[in-house]
Amino acid sequence: MSRADGQDVRIPILYEDNHLLGIVKPVNVPTQEDASGDADLVSLLKEDIKIRYNKPGNVFVGLVHRLDRPVGGAMVFAKTSKAASRLSETVRSRKFHKVYAAVVHGRLPAPAGSLKDFLLKDAKTNTVSVVKPGTSGAKEALLDYEVIAEADRYSLVKVELHTGRSHQIRVQMSHAGCPLYGDQKYGKGVNKPGQQIALWSVIVGVPHPVTKEEIVLASLPPAEHPWNLWPEATLNALTDKKS
């Protein structure tokens, strides 16, 4: 339990040793400090470690990957600068395994497949769009998807990212004709204000920065709408490597 701005924010711990900290990010908490001034995850974790271990002075928490503010789920942080450097290299070399769950409107073109697009970010509006290959500033975005189940005009999709572009899953799914449930930015026409975006980090896998052992963190989305359109056994398939 971490306290900030007079509010308690529960941050479940999935894994911890002297080098790594794996947690479940709460929804609507910014990963790092932003213009909103709201309590951010890095600051909350620093405060939590300081209190739990009674540490004087500054506490190191290294951010090596991000989740959009409305997105929750598994994340891993570095507890030393050496671990942060090695994890960052893991991200750059694409050895950082990231799997997400999403609820999207409609049906994707196939039960399983890959999406490849070129994305361009507009920093002024904080929006990303799909553009033609060769567009100045555009970056290649790759993902694989698998439709786990369908219900009530929605699809439950498992997504494996091969690149880590800003808003990548949200933009690519919308471009494919299946915007995410609750996404006001890339699915405004089919979503209602106030809906929580249905995107969750279900698996993060990294080689341990010291032992090189594969560390796999798993987190299932909450049993709330629209996730609860499917039984628990179906949601469990999201973290099944065989699915």
Side-chain angles (χ1 to χ4, degrees), residues 10-17 19-29 31 41 45 64-78 87 90-91 94-104 107-108 110-115 142-152 154-165 167-170 172-173 178 180-183 196-209 211-243:
R10 184 173 178 270
I11 305 176
I13 295 174
L14 299 174
Y15 177 90
E16 186 174 16
D17 63 17
H19 312 279
L20 298 179
L21 177 62
I23 57 96
V24 178
K25 177 191 177 295
V27 298
N28 299 324
V29 174
T31 303
L41 196 54
L45 292 174
V64 293
H65 69 122
R66 293 168 175 78
L67 290 180
D68 292 346
R69 179 170 181 150
V71 181
M75 287 190 75
V76 63
F77 293 81
L87 286 177
T90 299
V91 173
R94 298 189 182 181
K95 295 176 183 177
F96 197 101
H97 189 213
K98 294 177 286 186
V99 179
Y100 293 78
V103 178
V104 303
R107 291 185 174 183
L108 284 154
S114 301
L115 297 179
L142 300 170
L143 64 78
D144 293 332
Y145 73 85
E146 178 185 359
V147 178
I148 301 298
E150 297 174 348
D152 193 22
Y154 300 115
S155 298
L156 177 65
V157 185
K158 183 175 181 178
V159 179
E160 182 172 0
L161 280 185
H162 298 295
T163 52
R165 310 307 180 198
H167 300 176
Q168 181 177 337
I169 296 173
R170 299 163 64 181
Q172 288 194 275
M173 286 293 166
C178 296
L180 268 65
Y181 174 94
D183 191 349
Q196 180 66 46
I197 190 171
L199 181 61
W200 196 263
S201 171
V202 291
I203 295 175
V204 171
V206 295
H208 192 282
T211 68
K212 308 305 179 185
E213 173 192 1
E214 184 71 11
I215 303 297
V216 179
L217 310 176
S219 171
L220 288 175
E224 301 170 358
H225 187 77
W227 304 107
N228 60 6
L229 289 171
W230 295 277
E232 185 179 352
T234 301
L235 293 177
N236 285 338
L238 293 166
T239 57
D240 184 355
K241 293 182 180 179
K242 296 180 181 179
S243 67

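For the residue pair Ile169 and Leu180, the shortest heavy atom distance occurs at O-CD1, 4.2 Å. Closest of all the heavy-atom pairs between Val64 and Val76 is CG2-O, 3.7 Å. Residues Gln172 and Leu115 approach most closely at NE2-O, 3.4 Å, considering heavy atoms. Ala78 approaches Leu87 most closely through the heavy-atom pair CB-CD1, 4.1 Å. Here the closest heavy-atom approach between residue Glu214 and residue Gly205 is recorded as OE2-C, 3.5 Å. Trp200 approaches Ser219 most closely through the heavy-atom pair NE1-OG, 3.1 Å.
Every residue two or more places apart in sequence or in another chain that forms a salt bridge (Lys or Arg N to Asp or Glu O under 4.0 Å) with Arg107 is listed here: Glu150. Partners of Arg69 by salt bridge (Lys or Arg N to Asp or Glu O under 4.0 Å), not counting sequence neighbours, listed by chain and number: Asp34, Asp38. Applying the ring pair (Phe, Tyr, Trp, His ring centres under 6.0 Å) test to His225 and every residue at least two apart in sequence or in another chain returns Tyr181. With sequence neighbours left out, His65 forms a side chain to side chain donor-acceptor pair (under 3.5 Å) with no residue at all. Applying the side chain to side chain donor-acceptor pair (under 3.5 Å) criterion to Asn236, with sequence neighbours excluded, gives no partner residue. Under the ring pair (Phe, Tyr, Trp, His ring centres under 6.0 Å) criterion, His19 pairs with His208, sequence neighbours left out.
Tyr15 contributes no side-chain N or O that, together with a main-chain N or O of Val216, makes up a donor-acceptor pair within less than 3.5 Å. Although no hydrogens or angles enter the test, the distance criterion places a donor-acceptor pair under 3.5 Å between the side chain of Gln196 and the main chain of Pro70. For Lys158 (side chain) and Val202 (main-chain N/O), no donor-acceptor pair under 3.5 Å exists by modelled atom type. Remark: side-chain polar atoms of Thr163 are paired, donor with acceptor, to backbone N or O of Leu142 under 3.5 angstrom. Side-chain atoms of Ser155 never come within 3.5 Å of backbone atoms of Val104 as a donor-acceptor pair (strictly under, hydrogens ignored).
Rounded to the nearest 0.5 Å, atoms OG1 (Thr90) and NE2 (His97) are 13.5 Å apart. In this structure, OH on Tyr100 lies 5.0 Å from CG on Leu67, to the nearest 0.5 angstrom. Distance CG/Asp17 to CD1/Ile215: 7.0 Å, rounded to 0.5 Å. Once rounded to the nearest 0.5 Å, the distance linking CZ of Phe77 with CG of Leu45 reads 5.0 Å. Taking NZ of Lys98 as the reference point, atom CE of Met75 lies at 10.0 Å (rounded to 0.5 Å). Summarising the geometry, atom CG belonging to Leu229 is positioned 11.0 Å from atom OG1 belonging to Thr234; distances are rounded to the nearest 0.5 Å.
Taking 4.5 Å as the limit, every side-chain heavy atom of Val24 sits out of range of all side-chain heavy atoms of Arg10. With contacts defined as side-chain heavy-atom distances shorter than 4.5 Å, the pair Pro222/Val27 does not qualify. With a 4.5 Å cut-off on side-chain heavy atoms, Val204 and Phe96 count as touching. Counting only heavy atoms from C-beta outward, the side chains of Leu41 and Pro26 approach each other to under 4.5 Å.
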